[in-house]
Protein chains: 2
Amino acid sequence: MDGDTRDKIREVALELFSTRGFDQTSLREIAERVGLTKASLYYHYSSKQALLSAIVAPLVDGWQEVLDFASNQPHTPAAVRDVLARILDVMLDNRSLVGIFMRDPAGVVAAAESIWQDMIDMGNQLATWLAGPAPTTAEQLRAIAAMEVLGAALSASAYLKEEVSDEEMREVLLDSALGAMRL
Amino acid sequence: MDGDTRDKIREVALELFSTRGFDQTSLREIAERVGLTKASLYYHYSSKQALLSAIVAPLVDGWQEVLDFASNQPHTPAAVRDVLARILDVMLDNRSLVGIFMRDPAGVVAAAESIWQDMIDMGNQLATWLAGPAPTTAEQLRAIAAMEVLGAALSASAYLKEEVSDEEMREVLLDSALGAMRL
DNA sequence: GTCTATAGTGGGATAGAC
DNA sequence: GTCTATCCCACTATAGAC
């Protein structure tokens, strides 16, 4: 069974996409690292966009789960905390994957607008839930701000010199996000 | 005096870079909108990178000013608030410009690593000042989080349906950023 | 499944006439 | 200052042999 090669391609592509950016990564570069030629990649993935879709799936699924969970929750402070924690978990679990969207949003849009739209829509829905029912403008802004704080999970590793454990990151960022909402 | 054409090119490029992304915007596209040919652009700017540099200058300068100001301040809660407010002002004043860096970081890195490095360095220095002297890991994370909140100034306009006045944005985001630092 | 070879496209940049 | 014409290059993607 040669899901092996398919997986290897996916892994290498994920790493390059998230560090160099989607558009800045050529299929030649990926092929080289895997130990194949460009043409052989096309046997496994029908296009660069198809490769991106395969890579991105877990993140979309993860967020969808959080969204489903949130939809069935009343908007209490405890539930807000819980939902934020779950969003943070998904982000930490898919760190490099989120990096693709932060490094080269424009490239993703150009290659696969529908993928990007899915992410934006889910971000909107999560922020909407966080803002609560019939939110004021300020509450909406604070909800967006809280999600931005969670995004700091990723830039953080680039900014900080020392390694930070996932547990500390989880604890501090969750509290910080709640603080951004003044909760 | 034909600084007119130069300025027109700069304006059009700024708009396209910040909406489509740097790499995704071709010089042909810019030229078309200005009403010139690609070749004519090169009379005014020697390369695509030179065009980017010219556009980006005000933002770099603005942040540098904030940094100079911060360096001479003691790290008190009032000063932190003041510095955050100034950072926010620079961001609001250069909204579309910051958009370039958020839409296509990878493209900017590829085209002009030094520009990107300047931005990162300044972000680091501002975050370092915000974190205070001899900061714990948690304090560093919170400082980064606070800066991320200010970045929400930009994504906000994309997420929200209604227009938000700059004054409300300033007020809410500043308080939210302070909240992220638990101040 | 992997290769070599190549088609086809679009980008940045230059030469030289006007 | 602006044009037309062109160069050169890198990329995605395909054709067809092995």
Side-chain angles (χ1 to χ4, degrees), chain A residues 1-56 100 103-104 106-116, chain B residues 1-56 100 103-104 106-116:
Chain A
M1 63 195 186
D2 239 11
D4 267 14
T5 306
R6 249 187 97 89
D7 291 349
K8 189 82 190 294
I9 293 171
R10 215 180 6 79
E11 280 162 27
V12 171
L14 170 57
E15 197 203 320
L16 288 176
F17 286 167
S18 61
T19 52
R20 282 178 183 31
F22 177 73
D23 257 27
Q24 281 68 31
T25 303
S26 71
L27 294 180
R28 185 191 53 73
E29 223 173 338
I30 297 171
E32 224 161 54
R33 288 226 191 173
V34 178
L36 287 177
T37 60
K38 232 181 2 170
S40 300
L41 290 190
Y42 280 90
Y43 175 82
H44 297 282
Y45 293 95
S46 63
S47 70
K48 196 182 181 185
Q49 176 182 337
L51 181 51
L52 177 64
S53 298
I55 289 176
V56 138
I100 296 180
R103 291 290 287 177
D104 187 14
V108 175
V109 172
E113 184 142 19
S114 65
I115 291 179
W116 179 255
Chain B
M1 62 198 189
D2 241 9
D4 267 14
T5 306
R6 250 186 97 91
D7 291 350
K8 188 81 189 295
I9 293 171
R10 215 181 4 80
E11 282 162 26
V12 170
L14 170 57
E15 197 203 319
L16 288 176
F17 286 168
S18 61
T19 53
R20 281 176 183 34
F22 177 73
D23 257 25
Q24 282 67 30
T25 303
S26 70
L27 294 179
R28 188 192 51 73
E29 221 173 341
I30 297 172
E32 224 161 54
R33 288 226 192 173
V34 177
L36 288 176
T37 61
K38 224 179 15 165
S40 301
L41 290 190
Y42 281 88
Y43 175 81
H44 298 282
Y45 293 94
S46 63
S47 70
K48 196 183 180 185
Q49 176 181 339
L51 181 52
L52 177 63
S53 298
I55 288 176
V56 138
I100 295 180
R103 292 290 285 177
D104 187 13
V108 175
V109 172
E113 185 142 18
S114 67
I115 291 179
W116 180 253

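Letters A, B, ... are given to chains in the order of the sequence lines, protein chains preceding strands, and every chain is numbered from 1.
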Take the protein atom [atom1] of [X] and the nucleotide atom [atom2] of [N], then report the distance between them rounded to whole Å.
X     : N      : atom1 : atom2 : answer
A:L36 : C:dC3  : CG    : C1'   : 10 Å
B:E32 : D:dC3  : CD    : C1'   : 15 Å
B:E29 : C:dG11 : CD    : P     : 8 Å
A:L52 : D:dT12 : CG    : C1'   : 15 Å
B:K8  : D:dG1  : NZ    : C1'   : 16 Å
B:D4  : D:dT2  : CG    : C1'   : 16 Å
B:I30 : C:dA13 : CD1   : C1'   : 14 Å

Hey, could you give me each pair passing salt bridge (Lys or Arg N to Asp or Glu O under 4.0 Å) that has a residue in residues 12-22 of chain A? Not counting sequence neighbours.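 Sorted result for residues 12-22 of chain A: A:E15-A:R33, A:R20-A:E29.
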Has A:T37 got a side-chain N or O lying under 4.0 Å from the OP1 or OP2 atom of C:dT2?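 No, no such contact exists.
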Within less than 4.0 Å of OP1 or OP2 of C:dG12, is there a side-chain N or O belonging to B:R28?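 Answer no for this pair, as no side-chain N or O of B:R28 is under 4.0 Å from OP1 or OP2.
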Quick one, B:T25 and B:D104 - any side-chain contact, counting heavy atoms below 4.5 Å?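 B:T25 does not reach B:D104 side chain to side chain.
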Going through the checks in order, is the side chain to side chain contact (heavy atoms under 4.5 Å, CB included) test met by A:V56 and A:V108? CA-CA 11 Å; A:V56 138; A:V108 175; over 6 Å; no
Hey, is the main chain of B:F22 close enough, under 3.5 Å, to the side chain of B:K48 for a donor-acceptor pair?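 Answer holds: yes.
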[X]: what forms a side chain to side chain contact (heavy atoms under 4.5 Å, CB included) with it, not counting sequence neighbours?
X      : result
B:V109 : A:R103, B:E113, B:W116
B:A54  : B:R10, B:Y45
A:A13  : A:F17, A:I30, A:L51, A:I55

When you measure from every atom of DNA chain D, which of residues 9-27 of chain A have a heavy atom less than 4.0 Å away?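 Residues of residues 9-27 of chain A that come under 4.0 Å of DNA chain D are, in numerical order, A:T25, A:S26, A:L27.
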Mind listing the residues from residues 39-50 of chain B sitting with a heavy atom below 4.0 Å of DNA chain C? Number order is fine.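 Within residues 39-50 of chain B, the residues near DNA chain C are B:A39, B:Y42, B:S47, B:K48.
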Tell me, please, which residues at least two apart from B:S40 pass side chain to side chain donor-acceptor pair (under 3.5 Å).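 Scan of B:S40 (side chain to side chain donor-acceptor pair (under 3.5 Å), adjacent residues dropped) gives B:T37.
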Tell me, please, which residues at least two apart from B:E32 pass side chain to side chain donor-acceptor pair (under 3.5 Å).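 B:R28.
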